[in-house]
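What you are looking at is a predicted structure, and each value in this text was computed from that prediction instead of being measured.
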Amino acid sequence: CLSFSLFAEEIPLKEIEREIPGTGRLNDRETIIVPSASIENGVINIETELASWGVAITIYNSDGAEVYTSVSVDESKQHSFAIEALSADDYTLEVQIGENYYEGEFTIN
């Protein structure tokens, strides 16, 4: 049974260290303001302090397999990603904004 909360549920994000593709170096991890994320009715919303474009998300299931990936190409402070097709499980959300990576966890019941 796939169910989503009727109210937005916050997905706490923390900055993580990742290699920047093609550079062989790690991101600087000097972000002062971490973006916020929430899930509501099968949609993940990412909010940034400054208008950003190229916001990418990747979702991994409890087995660590990549089950969803998408990039928002609009320059905005609000980015929405429809994820209705995901089944009940625990998930890890990874958000990439430029060279910065963030991660949080959520559950679909």
Side-chain angles (χ1 to χ4, degrees):
C1 172
L2 179 64
S3 66
F4 292 100
S5 114
L6 295 176
F7 301 100
E9 176 184 335
E10 186 175 345
I11 303 170
L13 295 176
K14 63 180 182 199
E15 192 166 10
I16 59 172
E17 198 169 72
R18 289 282 306 268
E19 183 178 323
I20 300 166
T23 67
R25 65 181 180 87
L26 299 175
N27 58 317
D28 293 333
R29 296 188 67 198
E30 292 182 5
T31 302
I32 296 171
I33 301 171
V34 174
S36 64
S38 63
I39 182 169
E40 181 177 16
N41 298 325
V43 176
I44 288 185
N45 295 300
I46 307 294
E47 291 187 33
T48 57
E49 186 69 22
L50 302 172
S52 303
W53 63 271
V55 174
I57 71 166
T58 304
I59 299 174
Y60 302 93
N61 66 14
S62 58
D63 294 327
E66 184 179 303
V67 295
Y68 180 89
T69 187
S70 186
V71 178
S72 173
V73 295
D74 296 330
E75 185 170 356
S76 177
K77 292 182 179 183
Q78 172 83 29
H79 305 271
S80 298
F81 303 89
I83 59 161
E84 294 97 352
L86 296 181
S87 59
D89 200 353
D90 294 323
Y91 294 95
T92 299
L93 168 66
E94 183 179 275
V95 179
Q96 179 185 1
I97 303 172
E99 294 183 353
N100 297 309
Y101 292 85
Y102 310 90
E103 158 178 290
E105 296 178 352
F106 66 98
T107 300
I108 295 177
N109 298 318

Practice item. Not counting sequence neighbours, which residues clear salt bridge (Lys or Arg N to Asp or Glu O under 4.0 Å) with E103? List them please. Key: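 Counting only residues at least two positions away or on another chain, E103 forms no salt bridge (Lys or Arg N to Asp or Glu O under 4.0 Å).
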
Point to revise | I59 vs I44 side-chain heavy atoms within contact, under 4.5 Å | key: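 Yes. Closest side-chain heavy atoms under 4.5 Å.
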
Check your understanding: Hey, does L13 have a side-chain heavy atom less than 4.5 Å from the side chain of L93?
Key ->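 Counting from C-beta outward, L93 and L13 do come under 4.5 Å.
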
Who are the side chain to side chain donor-acceptor pair (under 3.5 Å) partners of [X], not counting sequence neighbours?
| X | answer |
| --- | --- |
| S72 | H79 |
| N61 | none |
| S76 | none |
| N45 | Q78, S80 |

Closest heavy-atom pair and its distance - [X], [Y]:
| X | Y | answer |
| --- | --- | --- |
| I46 | A37 | CD1-CB, 3.6 Å |
| A88 | N109 | CB-C, 3.8 Å |
| E84 | N41 | OE2-O, 4.5 Å |
| Y102 | V34 | CD2-CG1, 3.7 Å |

Identify every side-chain donor-acceptor pair in residues 47-54 under 3.5 Å, counting partners at least two apart or on other chains, and give the distances.
from : atom 1 : to  : atom 2 : distance (Å)
T48  : OG1    : L50 : O      : 2.7
S52  : OG     : L50 : O      : 3.1

**Study point:** Hydrophobic cluster membership, Y68 vs Y60, 4.5 Å side-chain cutoff
**Key:**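 Different hydrophobic clusters.
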
Review point. Distance from K77 atom NZ to S36 atom OG, nearest 0.5 Å?
Key: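 Output value for this atom pair is 11.5 Å.
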
Point to revise | Any donor-acceptor pair under 3.5 Å from S38 side chain to I11 backbone | key: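 Checking the backbone N and O of I11 against the side chain of S38, no donor-acceptor pair under 3.5 Å is found.
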
Practice item. Check whether any side-chain N or O of Q96 sits under 3.5 Å from a backbone N or O of G98 as a donor-acceptor pair, and report yes or no. Key: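 Yes: the side chain of Q96 pairs with the backbone of G98.
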
Practice item. Could you list the residues that satisfy ring-ring contact (aromatic ring centres under 6.0 Å, His included) with F106, not counting sequence neighbours? Key: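 Per chain and number, F106 pairs via ring-ring contact (aromatic ring centres under 6.0 Å, His included) with Y91.
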
